Amino acid sequence: MLEVKNLKVSYGHIDAVRGISFRVEPGEIVSLIGSNGAGKSTTLRAISGLIKSRAGNILFEEKQVENIPPHELVKLGIIHVPEGRQIFGRLTVAENLALGGYRVRDKRALAKRLQDVFELFPILKERYRQSAGVLSGGEQQMLAIGRALIAGPKLLLLDEPSLGLAPIYVQRVMDVISRLRDRGITILLVEQNAHEALHISDKTWLLENGRIVLFGKSGELLLDQQIRDSYLGGGI
Amino acid sequence: MDFFTGSLLSGLQLGSIYALIAIGYSIVYGILRLINFAHGDLLMVATYAAWILIARSQSLAFAVVGSVAITIVFGLVIERVAYRPLRDAGEETTLVTSLAVSIFLQNLFLMVFTPKNQAFLLPDFFSQKILNVSITNMSVVIFVVTGILIAVVSLIIKKTKLGMAMRACAENSGAAKLMGINLNGVVIFAFVVGSALAAVAGVLYSGQYVSFNPSMGFMIGIKAFAAAVIGGIGSFAGAAAGGLLLGVLEILFACYLPQGAGVYQTAFVFLVLIIVLLVKPNGLFGVAEERRS
Amino acid sequence: MAKRLFANPLFKFLVTVAAPLIALFCIYFKVAEYYQIVVILFMINVILTASLNITNGFIGIFSMGQAGFMAIGAYAGSLLTMSADLKISRIPGIPEWLANVQLPFIPALIIAGMVAAAAAVIFGFPVLRAKGHYLAVMTLGMIIIIKAILDNNSNLTNGAKGISGMERFSTLPVVFAVMIVSLFFLYRMTKSAFGRSMAAIRSDADAASSLGINATKYRMIAFVVSAFFGAVGGALWAHLQQTIAPSLFYFSRTFSIIEMSVLGGMSTLSGAFPGAAIVTFVPQILANFENGFKIFGFDVPALNGLSAIVMSIVFILVIIKWRGGVTRGSEYIVNAMFGKDTWTGILRKQTYIDFWNILCGGFKNSIHYHPHTIEEKEQEKKNEQEKNEQ
């Protein structure tokens, strides 16, 4: 569904991503892991159009989509949940969710998806009329994902969903992600929490300093000693 | 009516006009973090446009609608040519560019129309007084029109999808783009609304105070900008409140301190601005801004 | 070849010191009075622009208030150089102490600068607390307040009507000398430890503070220095135009100075030269198209519109395409003028030899093939040897 070929992204003179390639098949969860500053978020932002790539190709469903503006990509079904959640604190939960459906024409689909979201995240129904700024970190993450779901994503880009969340919320988020995959949504997950990422995803690519240094089936990588030592704290 | 009430009314009148302009400043600033010094000059553009159209068509309604349209065109061209290329530039850069645009507009109209003061004469109806109270029809028109426009814009911002998109862009344009919002489209809409408000403000101002020339817009714009900042720039209610407050303060100041009147007026406005910014850096009703991409 | 040429001290000396001096000499003695005025104006503008670049470019305080300091300098300078009789006749109501003060030109310049510096301290306290465009707006407020004060104190300033009659002290040699001294001072300042601190504060004031740099104090110092030289420029200007009024130091004036700063490149002192050149000479050329003869600097509204329109368009284009201005951050001109490299270089024989070689080499280049790499040089040598053996 998504193919990235030799992507290069720079911030001014700093090369954040130095030529990476990977694929995401439909219905998979693929994770990009790596330490801070490895280039994971930058990759997502290049895919969703927030920043321009310097070189390389991004193909979504066989079509070239690199350097297309973000609002066009939303129409194609690429939905990006950014790092730090970035919900609109000054708007209500209802308005945040409505914004998720900004590009959706079908009113009935919208209503159905809203019900779906309420089912997945009952707390959002509770706090529907409240200002989004009063939600806790975990609740905001729910809102961010819920907002993305209203858009009806084909490919969901999740940037560090577990960042800054209490462990119980991390679990809930990971549960939700699994359930989303069960519904047929393809997911590209960026995570610093390598442990969770490896457990939940089908395939994993490891980034270091803007380059891919390792990749494979997540299950196998979980058992790889090098990964265990570097990213999972050693041990079993 | 006693002197104080009369002054107060004058102040509110002027303040209403400031409010319309201040709201335009605020809307654009909220989304782009751009202080548009050329905004006040749109007032002047509208006045000249209306003046010409009235002379040609003899129809006030046509002149007003036409001048609003022309002003909107000016506003959109300026956005496209001078501001959009600088979308990712620093705030000082866009500020000084807006000053360049302002100077350009002023000198353009100066060249075409000469610096001569012209008179914007409306039909007698407007200068007639209501009943026995010393309020002219013009004053009533100002209050009514301003009230309606503020209400309409407020409704647009709070209740429509586009208004919601504007608020989202104002808070976080990056996240807004990820919702599928076309930032350029929202900016265009903001400039349309702002320019239209400035145009109406221009017609009202010239209708009330009659005399106009190419440099009028700039000073009024500066004061309205100060009003927007005092009220809390980026905040719709703040801009309106700031405008009214400043109008009242300015007139009261001019009425009650005879020797300082006129010449010190603008300086006074800025002194208030500086003091307010020192005490409340985000204006009276402003929201603290975080820098975000 | 060009790089080596530009690095050669003799070249630097010739281009930035010798040639201008010779040109100025010729202008002073040969050229008509009218054109001399334009050149003097150019040099005054260089001072004004350089003073603005200190705040806007070096320390990162974007000030739009330079016209205010210019006004203070113009008024203070004039009041100090005019005779008592002149002042009493031109400024009705002037207090005696003020009427009786009279100083020679240079001391008057310095005192005018100090007055502006004092004003900068007073304004600086509220203004420098703000940042970014809010600070810029406050500096605009500063201009408005200064103009209001000047308009309203007729017993000191003759109000909106302004003052005229000061002597034409701003002759070409005098202004040139002041410009050189001012630039040299600013040059030394930017090259010093203070200058490096300014750069640190510009990039990130908080980080600079955490390194022990007192950002607040340094910003105030930069602001005051900028005001001082802005006032010097203003006083020079007053004694060139010989008439001043508050309206001449308002928004269009301050924008002019910003224009010069931005067009030339505001993060350098060198930018003052191209910036001032463009804004001084281009409108002059345009003015000839507008309507015959006019003394530059007087804002005669109706006809001045064209140059303002053209300049504002140029400004917008430059700021969109070349944000770094003409010099793009290069301090070449000023470094060449004042640098140790230049002045010690011309005392060394090797410099002259190099210079000659570069020129000849350049000449040869346009005719012969010139080897670039070491291998090619070896090959060329071999070819020469073979040719000699034959």
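A, B, ... follow the sequence lines: proteins, then strands. Residue 1 opens every chain. What you see is a predicted model; the values in this text were computed from it and never measured.
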Going by side-chain contact (heavy atoms from CB on, under 4.5 Å), B:Lys177 matches just one of A:Pro69, A:Ser48, A:Pro70. Which one? A:Pro70
Donor-acceptor contacts, no H, no angles, side chain residues 179-200 of chain B, under 3.5 Å, sequence neighbours left out:
residue	atom	partner	partner atom	Å
B:Asn182	OD1	B:Asn184	N	3.2
B:Asn182	ND2	A:His71	NE2	3.4
B:Asn184	OD1	B:Arg87	NH1	3.0
B:Asn184	OD1	B:Arg87	NH2	3.1
B:Ser195	OG	B:Phe191	O	2.6

Return the CG to CG distance between A:Leu44 and B:Leu178, rounded to the nearest 0.5 Å. 10.5 Å
With a 4.5 angstrom heavy-atom cut-off, could you sort out which part of A:Ala144 is near chain B: side chain, backbone, both or neither? neither
Taking A:Arg90's backbone N and O only, do any of them form a donor-acceptor pair with B:Glu171's side chain (distance below 3.5 Å, no angle check)? yes
The reported gap from CE in B:Met164 to CG in A:Leu99 (rounded to nearest 0.5 angstrom) is 4.0 Å
Is A:Leu50 in contact with chain B via its backbone, its side chain, both, or neither, using a 4.5 Å heavy-atom distance? side chain
CZ of B:Arg84: more than 12 outside heavy atoms within 6.0 angstrom? yes
Sorted by chain and number, sequence neighbours left out, side-chain hydrogen bond (donor to acceptor under 3.5 Å, both in side chains) with B:Thr93 holds for none
Segment of A:Ile87 engaging chain B (4.5 angstrom heavy-atom cut-off): backbone
Would you find more than 12 non-hydrogen atoms of other residues, nucleotides or ligands less than 6.0 Å from A:Arg172 atom CZ? no
Output the option from A:Gly49, A:Ala148, A:Gly89 having the highest count of non-hydrogen pairs under 4.5 Å with chain B. A:Gly89
Counting only heavy atoms from other residues, nucleotides and ligands, does the tally under 6.0 Å from NZ of A:Lys52 exceed 12? no
